[in-house]
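Chain naming here is simple, since letters A, B, ... match the order of the sequence lines and numbering starts at 1 in each.
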2 protein chains.
Amino acid sequence: MSARQPSSRRPARRPAGRRDRYHHGDLRRALVDAALRLVRREGPRALTLRAAARLAGVSQAAPYRHFADKQALLAAVAEEGFRAMTGAMRRAMSEAGEPLSKFRALGLSYVEFARGHPAHFQVMFGPELADRTAYPSLAEAAAEAFNLLVAAIADCQKAGLAREGNPEELGVTAWSAVHGLSALIVNGQLGARHAPLDELGERVTRGLFLGLGPRPA
Amino acid sequence: MSARQPSSRRPARRPAGRRDRYHHGDLRRALVDAALRLVRREGPRALTLRAAARLAGVSQAAPYRHFADKQALLAAVAEEGFRAMTGAMRRAMSEAGEPLSKFRALGLSYVEFARGHPAHFQVMFGPELADRTAYPSLAEAAAEAFNLLVAAIADCQKAGLAREGNPEELGVTAWSAVHGLSALIVNGQLGARHAPLDELGERVTRGLFLGLGPRPA
DNA sequence: ACCTGAACACCGTTCAAGT
DNA sequence: ACCTGAACACCGTTCAAGT
């Protein structure tokens, strides 16, 4: 496979664009798409710069015109992941009614995203991407997801459906719980011992809400 | 530390052992130690089979006598990590008094372990290690840590300090919260926006305990 | 301005061969 | 039984050179 198409390119004027020639303005886009396909179909370890270049039909050196290094490509993939996850959370919330079910829908869709796109999730949060602070637009995409969560908590508070307190602080607790569950599932850390995975999201969000402390009768 | 002890074991006759010759009975041990040094000092990406072999002073092919492949070495490193973490949690608990402070000590020491050994934590939970179910002793070491947590919750329940319910189920919620916080910190996902990191452990364990729901007055 | 080809220094893994 | 040397098929990255 990877039949390396015949490369019939003529540079300047070019009327009817053949759709298998990709890279004019947008080799960058093509490389990100290739990387997404690799990661989805073969996992994070298959995401190499050379493989992405092959998939996009260019030489191994070509990506360096568009990405400083492999880290930069990983950052772009991670950023797409955060945008997709934020979108999924928004959609889930829009189908829910009052603030509390919106909040739960958000948490559940976080976990669902991780289960549905485990390799992508691993790129978003895994250690291959060493220094996230170096990629501002990635940080911004991640912050947007967190903002959504904080706003959902604040809405619950306004409706008297959540404990009072700084919503950013409560947000860190909520984020930790859904993220931890997602990460444990994606790593395969939650085995047969721990119930059907579908129920864990429901349970953890409920447990988070009730708290572990004794119910004051 | 771990000064590569002179290995004063003589298989048969062998008078003055040169201390840079290591490998008689325990190249396996030497390779795990080398891997731990690499991961601690240079991060998970530096953990290569060849580098571990170099550090142990053997050829690049030698590790294959003791590990089926790189995954197997990673599994050994991860297993050591779980044992070290379990030890740290036990120590922290033994210094606490009643069940509830024991439980909080356990949670805090989980987060502290992650912050203190980020690269090791990443090997324990990261995606380089693809299939954890293939390594039973690793799974057992991980289960031991989880058992400790479940027992701590059950003790709280007996003392009336935690909500009733299946302690394994509450345990998944608690584990998710401390694990999620640890993972977010280690990934650098919790930036300047989110308070001093030292306080986050306290906050999340407290938030977990109180719950996010409204306090029934 | 954007891409290729060839090269360098690494990897993981295998395999014949040494002792 | 355990290790070495050499090899193969990969990587990330650089750099001169092409158009």
Side-chain angles (χ1 to χ4, degrees), chain A residues 1-2 4-14 20-31 34-35 38-39 42-77 123 127-131 134, chain B residues 7 9-14 17-18 20-31 34-35 38-39 42-77 123 127-131 134:
Chain A
M1 63 296 296
S2 129
R4 186 174 280 184
Q5 67 273 56
S7 178
S8 56
R9 83 183 108 256
R10 274 115 330 118
R13 62 265 84 99
R14 198 52 243 301
D20 53 319
R21 309 290 353 295
Y22 210 158
H23 25 313
H24 328 91
D26 235 352
L27 215 206
R28 188 192 149 89
R29 184 67 248 166
L31 287 167
L38 285 168
V39 99
E42 317 189 40
R45 304 190 56 189
L47 172 35
T48 71
L49 226 32
R50 286 172 104 116
R54 273 192 302 268
L55 245 182
V58 293
S59 81
Q60 74 217 217
Y64 288 91
R65 282 299 117 196
H66 302 274
F67 295 98
D69 51 22
K70 189 186 177 184
Q71 292 284 307
L73 177 60
L74 285 171
V77 169
V123 172
E128 298 95 340
L129 188 47
D131 179 17
Chain B
S7 175
R9 79 190 106 245
R10 287 118 311 133
R13 63 272 86 95
R14 195 55 242 295
R18 307 255 285 21
D20 52 319
R21 311 294 347 293
Y22 206 163
H23 26 314
H24 323 95
D26 233 353
L27 214 206
R28 188 191 149 89
R29 183 67 248 165
L31 287 166
L38 286 168
V39 100
E42 317 189 39
R45 304 191 55 189
L47 174 33
T48 71
L49 226 31
R50 286 172 104 117
R54 273 193 301 269
L55 245 182
V58 293
S59 81
Q60 73 216 217
Y64 288 90
R65 283 300 115 195
H66 302 275
F67 296 98
D69 51 22
K70 188 187 177 183
Q71 293 284 307
L73 177 60
L74 284 172
V77 169
V123 172
E128 299 95 339
L129 189 46
D131 180 16

To the nearest Å, how far apart are [X] [atom1] and [N] [atom2]?
X: B/R50; N: D/dC11; atom1: CZ; atom2: C1'; answer: 12 Å
X: B/L49; N: D/dC11; atom1: CG; atom2: P; answer: 18 Å
X: B/E128; N: C/dG12; atom1: CD; atom2: P; answer: 12 Å
X: B/K70; N: D/dC11; atom1: NZ; atom2: C1'; answer: 12 Å
X: A/L31; N: C/dC2; atom1: CG; atom2: P; answer: 13 Å
X: A/L73; N: D/dT13; atom1: CG; atom2: C1'; answer: 14 Å
X: B/R28; N: D/dA1; atom1: CZ; atom2: P; answer: 19 Å
X: A/L74; N: D/dG12; atom1: CG; atom2: C1'; answer: 12 Å

What residues from residues 59-69 of chain A pass a heavy-atom cutoff of under 4.0 Å to DNA chain C?
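DNA chain C contact set from residues 59-69 of chain A: A/S59, A/Q60, A/A61, A/A62, A/R65, A/H66.
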Considering only D/dC11, D/dT4, C/dG12, which nucleotide approaches the side chain of B/T48 most closely?
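Looking only at heavy atoms from C-beta outward on B/T48, the closest nucleotide is C/dG12.
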Run B/L74 and B/V123 through side chain to side chain contact (heavy atoms under 4.5 Å, CB included) and show every step you take.
CA-CA 7 Å; B/L74 284 172; B/V123 172; 4.0 Å; yes
Distance below 4.0 Å between B/R54 side-chain N/O and C/dC11 OP1 or OP2
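Yes, within the criterion.
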Grab the two heavy atoms, one from [X] and one from [Y], that are nearest each other, plus how far apart they are.
X: A/L31; Y: A/A56; answer: CD2-CB, 4.0 Å
X: A/A46; Y: A/E42; answer: CB-CB, 3.4 Å
X: A/P44; Y: A/V39; answer: CA-CG2, 3.8 Å
X: B/L38; Y: B/A52; answer: CD1-N, 3.7 Å
X: B/L129; Y: B/A75; answer: CD2-CA, 3.9 Å
X: A/P127; Y: B/P127; answer: CD-CD, 3.8 Å

Name every donor-acceptor pair, under 3.5 Å, that has one atom in a side chain of residues 65-73 of chain A and the other anywhere in the protein, sequence neighbours excluded.
from, atom 1, to, atom 2, distance (Å)
A/D69, OD1, A/Q71, N, 3.3
A/D69, OD1, A/A72, N, 3.2
A/K70, NZ, A/L47, O, 3.3
A/Q71, OE1, A/A130, N, 3.0
A/Q71, NE2, A/E128, O, 2.7

Please map the stems of DNA chain D, keeping only stretches of three or more Watson-Crick or G-U wobble pairs with both distances under 3.5 angstrom.
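Runs of three or more consecutive pairs: C:4-8 with D:12-16, C:12-16 with D:4-8.
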Rounded to the nearest 0.5 Å, what separates atom CZ in A/R54 from atom OG in A/S59?
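Separation between the atoms: 12.0 Å.
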